[in-house]
Amino acid sequence: MDNQFEKSYALHEQHFYKYSKGGDRERIAQSWFQEGTIGFQQARQRNGISDPLLAAWPGAAWLTVGDGRYGSDAHYLASKGADATATDISDALLREGAEMGFIAKFSKENAEALSFGDNTYDFVLCKESYHHFPRPMKALYEMLRVARKGVVLLEPVDHYVFTNFFAAFFRGILQAINALGVFKLLFGKEIKRHTYEEVGNYVYKISEREMEKVALGLNYPCVAFKGLNIYHQNGADEVSATRFSTTKLKVSVMTGLLDLLTFLRIISPQLLAVIIFKEEPNAVALAELKNAGYRVVKLPRNPYW
């Protein structure tokens with residue numbers, strides 16, 4: 001079994017070499033810097049999950065995990081005044097990012113065995129990488145170990161953890177439609193309860209309850225949640241976000257539909273932003289979180305600790 005994990009690590013590390021200078025996907029990698037595109041706009045939306053903490057703790061030390069796209073998450077944090085260090089299992093694009101002045105600090109790291117000491121950074125950010133790890137819970141405990149104040153995650157939601165009858169009923173309808181091949185015809189993909197990546201690891205999706213249990217087990221004071229709908233359309237990343245196109249229209253319509261279904265509590269949001277706090281957030285942080293649309297959940301403390 002350990003060989004399978006090592007294989008996954010190696011394949012994930014090799015992945016970004018395709019996007020580095022001279023790689024066969026270098027053109028795609030360069031498109032990640034194109035401002036005014038749908039991809040750039042959606043990346044900004046994702047990075048915005050950290051804004052309340054950046055405002056409440058200006059100049060804090062941040063570590064990003066799974067930040068292989070030139071350290072773009074660390075770049076965003078630094079642009080907001082944070083002291084940011086980028087990490088990824090591959091340093092192929094991190095080195096290029098440092099050479100072009102896009103990021104200041106980086107380190108090649110396996111998320112499941114970080115080399116940093118306990119409480120080294122104020123916050124750790126892991127944005128849409130957790131579900132790629134062979135043992136993501138092990139990585140989460142590592143992130144919590146090196147963080148002083150908390151860990152921020154943004155990950156796909158487990159749509160099979162139901163919060164009400166309507167969500168379960170609607171999911172059943174979708175599965176029935178999916179069995180007829182409708183989703184494959186319209187969207188080129190199927191709805192699957194379980195998915196795996198080609199590198200061999202299971203794709204983990206998260207739920208609020210799962211994250212609460214992690215915090216409760218470690219006797220942490222609170223967690224914060226915020227749902228996001230960011231519709232992914234193949235080929236949309238390089239499309240203009242300002243000029244009209246059928247691609248832009250489809251992304252806007254589908255995002256609006258997802259927002260409506262989420263508002264009606266028929267479905268869960270596509271993405272879940274989670275902040276696991278290791279210490280009580282101050283009044284400024286609570287106000288910033290509320291203004292940003294987060295729901296802060298105070299957790300009961302372990303009476304035996």
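Basis for what follows: all heavy atoms, side chains included, without hydrogens, waters or symmetry-related copies.
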Can you list the steps and then say if Val157 with Glu155 is a side-chain contact (heavy atoms from CB on, under 4.5 Å)?
CA-CA 6 Å; Val157 171; Glu155 292 299 324; over 6 Å; no

Between [X] and [Y], is there a donor-acceptor pair closer than 3.5 Å when you use the side chain of the first and the backbone of the second?
X: Lys127; Y: Asp73; value: no
X: Glu112; Y: Arg135; value: yes
X: Lys7; Y: Gly200; value: no
X: Arg148; Y: Phe123; value: no
X: Asn302; Y: Leu216; value: no
X: Thr120; Y: Gly117; value: yes
X: Glu96; Y: Lys21; value: yes
X: Glu142; Y: Leu114; value: yes
X: Glu109; Y: Asp88; value: no
X: Thr37; Y: Ser240; value: no

Got [X] and [Y] here, is their nearest side-chain heavy-atom distance under 4.5 Å?
X: Phe133; Y: Val65; answer: yes
X: Arg44; Y: Asn47; answer: no
X: His15; Y: Val199; answer: no
X: Leu258; Y: Pro269; answer: no
X: Tyr121; Y: Asp83; answer: no
X: Asp237; Y: Ile28; answer: no
X: Tyr231; Y: Ile38; answer: no
X: Phe166; Y: Leu264; answer: no

Just wondering, more than 12 heavy atoms not from Phe33 lying within 6.0 Å of its CZ?
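Atom CZ in Phe33 is crowded, with more than 12 foreign heavy atoms closer than 6.0 Å.
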
Just wondering, more than 12 heavy atoms not from Arg301 lying within 6.0 Å of its CZ?
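Result for CZ/Arg301: enclosed.
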
Answer with yes or no whether the side chains of Thr262 and Asn229 bring together a donor and an acceptor at under 3.5 Å.
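There is such a pair (donor and acceptor under 3.5 Å, judged by atom type) between the side chains of Asn229 and Thr262.
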
Quiz question: by atom type and distance under 3.5 Å, do the side chains of Tyr304 and Asn219 form a donor-acceptor pair?
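No, no side-chain donor-acceptor pair sits under 3.5 Å.
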
If you apply the rule salt bridge (charged side-chain N to carboxylate O under 4.0 Å, His left out), what do you find for Asp24 with Lys18, and how did you get there?
CA-CA 6 Å; Asp24 57 8; Lys18 299 176 183 178; over 6 Å; no

Between Phe263 and Asp259, does a side-chain contact (heavy atoms from CB on, under 4.5 Å) hold up when you go through it step by step?
CA-CA 6 Å; Phe263 175 76; Asp259 284 340; over 6 Å; no

Test the Arg193-Tyr160 pair against the cation-pi criterion, namely NZ or CZ under 6.0 angstrom from the six-membered ring centroid and within 45° of the ring axis.
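Because its charged atom sits under 6.0 Å from the ring centre and within 45° of the axis, Arg193 does stack over Tyr160.
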
Taking the six-membered ring of Tyr19, is NZ or CZ of Arg69 closer than 6.0 Å to its centre and within 45° of its axis?
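Judged by the rule (NZ or CZ under 6.0 Å from the ring centre, within 45° of its axis), Arg69 is not positioned above Tyr19.
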
Are [Y] and [X] co-members of a hydrophobic cluster defined by side-chain heavy atoms under 4.5 Å apart?
X: Leu63; Y: Tyr141; value: yes
X: Val124; Y: Leu289; value: no
X: Leu261; Y: Ile230; value: no
X: Leu54; Y: Val284; value: no
X: Val152; Y: Val223; value: no

Between [X] and [Y], which heavy-atom pair has the shortest distance, and what is it?
X: Leu228; Y: Leu154; result: CD1-CD1, 3.8 Å
X: His159; Y: Ser268; result: CE1-O, 3.2 Å
X: Pro281; Y: Ala285; result: CB-CB, 4.0 Å
X: Asn201; Y: Pro134; result: CB-CA, 4.0 Å
X: Ile103; Y: Ala74; result: CG2-CB, 4.3 Å
X: Phe40; Y: Gln34; result: CB-O, 3.3 Å

Check step by step if salt bridge (charged side-chain N to carboxylate O under 4.0 Å, His left out) holds for Glu128 and Arg46.
CA-CA 9 Å; Glu128 294 182 296; Arg46 293 180 175 95; 2.7 Å; yes

Just verifying a value: how many Å separate [X] [atom1] and [Y] [atom2], rounded to the nearest 0.5 Å?
X: Thr247; Y: Glu238; atom1: OG1; atom2: CD; answer: 11.5 Å
X: Leu299; Y: Lys213; atom1: CG; atom2: NZ; answer: 13.5 Å
X: Ile267; Y: Phe162; atom1: CD1; atom2: CZ; answer: 12.0 Å
X: Arg171; Y: Ile191; atom1: CZ; atom2: CD1; answer: 5.5 Å
X: Leu218; Y: Leu140; atom1: CG; atom2: CG; answer: 8.5 Å
X: His132; Y: Leu11; atom1: NE2; atom2: CG; answer: 13.5 Å

Decide yes or no on side-chain contact (heavy atoms from CB on, under 4.5 Å) for Val251 and Gln42, but give the supporting numbers first.
CA-CA 11 Å; Val251 170; Gln42 290 183 335; 3.7 Å; yes

Any residue meeting ring pair (Phe, Tyr, Trp, His ring centres under 6.0 Å) with Tyr130, in chain and number order, not counting sequence neighbours:
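If we apply the ring pair (Phe, Tyr, Trp, His ring centres under 6.0 Å) test to Tyr130, skipping adjacent residues, there are no hits.
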
Can you give me every donor-acceptor pair (side chain of residues 204-212, partner residue at least two apart or in another chain, under 3.5 Å) with its distance?
| residue | atom | partner | partner atom | Å |
| --- | --- | --- | --- | --- |
| Ser207 | OG | Glu210 | N | 3.2 |
| Glu208 | OE1 | Arg295 | NH2 | 2.3 |
| Glu208 | OE2 | Arg295 | NH2 | 3.0 |

Go through the steps for Lys290 and Val296 under the test side-chain contact (heavy atoms from CB on, under 4.5 Å), then give the verdict.
CA-CA 8 Å; Lys290 182 179 179 180; Val296 179; over 6 Å; no

Using the side-chain hydrogen bond (donor to acceptor under 3.5 Å, both in side chains) criterion, which residues pair with Glu279? Sequence neighbours excluded.
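Expected list: Lys149.
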
According to the interplanar angle, ranging from 0 to 90°, do the rings of Phe277 and Trp57 count as parallel (below 30°), tilted (30 to 60°) or perpendicular (above 60°)?
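Correct class here is tilted.
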
Return the orientation label for the His75 and Phe102 ring planes: parallel under 30°, perpendicular over 60°, tilted otherwise.
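Parallel.
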
Please find out if less than 6.0 Å separates the ring center of His12 from that of Phe16.
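So the answer is no for these two rings.
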
